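Since we're looking at a predicted model, the values are computed, not measured. Naming: A, B, ... by sequence-line order, numbering from 1 per chain.
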There are 2 protein chains.
Amino acid sequence: MTAPAPLSAPRAFEVVLEWVESRILAGQLHVGDLLPPERELARQLGVSRSAVREAVRTLAAQGVLRSSVGAGGAGGTAVTAVPSRALERFLRLHVALANFPVDDVIQARIALERLSARLATANARASDLAAMREALAAMDVAGIDKSAFNDADTAYHVAIAGAAGNRLVADMTVAIRESMRLPLLDAFRNVGEWDDLVDGLRAQHQAIYRAIEERDADRAEDLVEEHIRSAWHRLAPSFDRRWGTSEDSRPGTQI
Amino acid sequence: MTAPAPLSAPRAFEVVLEWVESRILAGQLHVGDLLPPERELARQLGVSRSAVREAVRTLAAQGVLRSSVGAGGAGGTAVTAVPSRALERFLRLHVALANFPVDDVIQARIALERLSARLATANARASDLAAMREALAAMDVAGIDKSAFNDADTAYHVAIAGAAGNRLVADMTVAIRESMRLPLLDAFRNVGEWDDLVDGLRAQHQAIYRAIEERDADRAEDLVEEHIRSAWHRLAPSFDRRWGTSEDSRPGTQI
DNA sequence: GATTCATATTGGTCAGACCATTGTGGATGG
DNA sequence: CCATCCACAATGGTCTGACCAATATGAATC
């Protein structure tokens with residue numbers, strides 16, 4: 001009856017996780033820094049190499065570590081910074097699991113893209129505007145393929161998010177848009193009156209661009225919201241039930 | 001010169017990842033479903049058990065899988081749904097890596113909590129309001145400990161997010177608030193005029209609660225924004241530079 | 001001095017073993 | 001017949017040790 005006995009002994013890979021995380025949170029590990037070799041770290045922490053590898057996989061899944069083989073500085077496991085991929089996979093999977101009803105995602109997207117649009121009117125540089133025009137031009141091609149249009153559409157929204165200059169909002173926007181790329185393409189394929197729809201989207205995109213170019217924040221954010229809402233209303237009926245549209249949402253959650 | 005030769009052979013654990021992900025995205029795997037035992041899955045896919053385990057760790061890091069030992073239905077690896085933990089770790093690490101400047105995070109938080117407040121006025125149930133009142137009461141204790149106040153503060157904002165009924169927004173809000181719990185506690189400890197500050201926060205919280213209770217969406221979201229902004233202005237000077245406050249933000253990105 | 005090649009380093013993978021936890025069903029005893 | 005207990009099997013967690021593949025480095029060669 002000496003010690004209360006630890007209720008749950010930390011698992012081996014969690015020891016490694018803790019080692020890396022605490023160093024990152026304490027500012028001792030920065031982007032670009034190399035971790036010790038797996039064998040060495042395993043020896044240091046008194047765990048097996050498999051435990052180290054599982055911890056590394058966990059952090060790599062968060063976009064925090066990146067491993068590459070080979071000797072010298074190019075090889076090894078390093079601290080990295082690619083949050084968007086990780087966020088995208090995260091959203092894609094949880095949306096598919098109906099953890100996040102599509103309606104909820106659209107609502108979040110509106111809030112984020114409103115902010116993006118507002119910030120973009122303040123922060124957009126010439127190069128940002130050029131990227132937006134490029135995406136607009138790509139969508140303007142007559143008789144454009146649905147898939148190509150979808151890609152350019154994504155690129156346009158991503159360009160706005162990038163122009164906003166807020167990395168978190170930009171990454172979240174990218175992740176949301178990318179996580180819905182396939183479902184949206186699916187809806188594009190099934191929707192009727194494609195030509196009519198695409199003309200409307202083009203006009204809305206152009207209007208948003210003008211608002212940003214003219215630095216009219218209020219107009220820009222309202223146009224963005226209106227754009228997302230109307231597109232969603234148009235596409236929702238063609239949206240495959242597979243993607244989990246509002247089954248059990250609360251009464252007021254509709255968009 | 002037959003095949004273009006795969007530029008990068010899929011790694012073993014990616015085969016497993018693909019196997020699980022495609023089944024989730026195709027709707028063949030739902031929350032609660034059990035995966036085959038690791039040994040069995042390894043055999044099926046022709047990879048080693050370690051490869052399976054690394055893939056499982058990757059998906060567990062996203063909050064998509066959960067493993068537990070033991071025989072029967074209780075043991076095994078199952079599809080799960082705990083996105084908030086995963087999001088929280090994700091944000092905490094990337095904020096610490098200065099991938100996401102704190103100013104950016106605050107801005108995103110404002111956008112999300114504005115939405116939460118608006119939705120809460122429409123969707124809050126009696127039990128949600130009770131949870132909010134409970135957090136308010138916890139913050140009202142005279143001479144309250146800074147750490148306890150911080151916890152109750154978090155609980156209050158989380159309660160609003162929960163009342164909104166949008167799971168994605170709620171999880172993002174929780175993740176953002178939780179990821180800043182330690183830095184905020186740090187700032188609390190260093191800030192001067194604590195009593196004055198905490199009185200102001202209490203009053204703002206109460207005002208937000210009344211707006212939600214009275215179902216005044218516009219007032220609620222404006223009060224929330226004002227609350228977060230003023231708290232941040234108050235705390236920013238005491239914020240440890242370690243947490244990466246706006247070093248290289250664009251000119252217009254200040255809050 | 002440039003090129004080539006052996007070598008060391010490092011992550012990626014695998015096989016096989018043992019442990020700890022947990023449910024199950026059969027044996028045991030009332 | 002029922003309740004209790006226990007051996008056993010299933011499953012994830014961990015470890016060891018080995019080999020492969022990619023990559024940088026430096027020595028040997030031209």
Just how far, in rounded Å, is C1' of C:dG12 from CZ of A:R57? 8 Å
DNA chain D: B:G75 or A:G75, which has the more 5' nearest nucleotide? B:G75
Indicate whether any N or O donor in one side chain lies under 3.5 Å from an N or O acceptor in the other, for A:R177 and A:S179. no
Taking any heavy-atom pair under 4.0 Å as a contact, classify B:S67: base, sugar-phosphate, or nothing. sugar-phosphate
State whether the number of non-hydrogen atoms from other residues, nucleotides or ligands found under 6.0 Å of A:Q44 atom CD is greater than 12. yes
Closest listed nucleotide, where the reference is the side chain of B:S48 and the choices are C:dT9, C:dC14, C:dG11: C:dC14
For C:dG12, does OP1 or OP2 lie under 4.0 Å from any side-chain N or O of A:R53? yes
Contact under 4.0 Å: A:T77 side-chain N or O vs C:dG11 OP1/OP2: yes
Hey, does the side-chain of A:R66 have a donor or acceptor N/O within less than 3.5 Å of a partner on the base of C:dG11? no
How many whole angstroms separate atom CZ of B:R39 from atom P of C:dA17? 12 Å
Does a side-chain N-to-carboxylate-O contact under 4.0 Å join A:E54 and A:R57? no
Nearest-nucleotide check on DNA chain D, B:P36 vs A:A74; residue mapping nearer the 5' end is B:P36
Any chance you could lay out the side chain to side chain contact (heavy atoms under 4.5 Å, CB included) test for A:T80 and A:V64, step after step, and finish with the verdict? CA-CA 5 Å; A:T80 180; A:V64 167; 5.6 Å; no
Do the side chains of B:V95 and B:M180 get nearer than 4.5 Å, heavy atoms only? no
Would the number of heavy atoms belonging to other residues, nucleotides or ligands and lying under 6.0 Å from CD of B:E134 be above 12? no
Nearest whole angstrom, please: distance from the P of C:dT10 to the CD of A:E40. 9 Å
By the 4.0 Å heavy-atom rule, please label B:G76 as base, sugar-phosphate, or nothing. sugar-phosphate
With a non-hydrogen cut-off below 4.0 angstrom, is B:V47 in contact with a base, only sugar-phosphate, or nothing? sugar-phosphate
Rounded to the nearest Å, what distance is computed from the CZ atom of residue B:R11 to the C1' atom of nucleotide C:dC14? 16 Å
Inspect the contact between A:R181 and A:D151 and indicate whether a charged nitrogen and a carboxylate oxygen are less than 4.0 angstrom apart. yes
Walking along DNA chain D from 5' to 3', note the first and the last nucleotide with an atom under 4.0 Å from a heavy atom of chain A, and give both. D:dG13 to D:dA24
What is the distance, rounded to the nearest whole Å, between atom CG of B:L34 and atom C1' of C:dG23? 13 Å
Check the distance between C:dT13's P and A:E54's CD and give it to me in whole angstrom. 13 Å
How long is the line joining CG of A:L65 and P of C:dG12, in whole Å? 11 Å
Without decimals, in angstroms, what is the distance between A:E38 CD and C:dT13 P? 11 Å
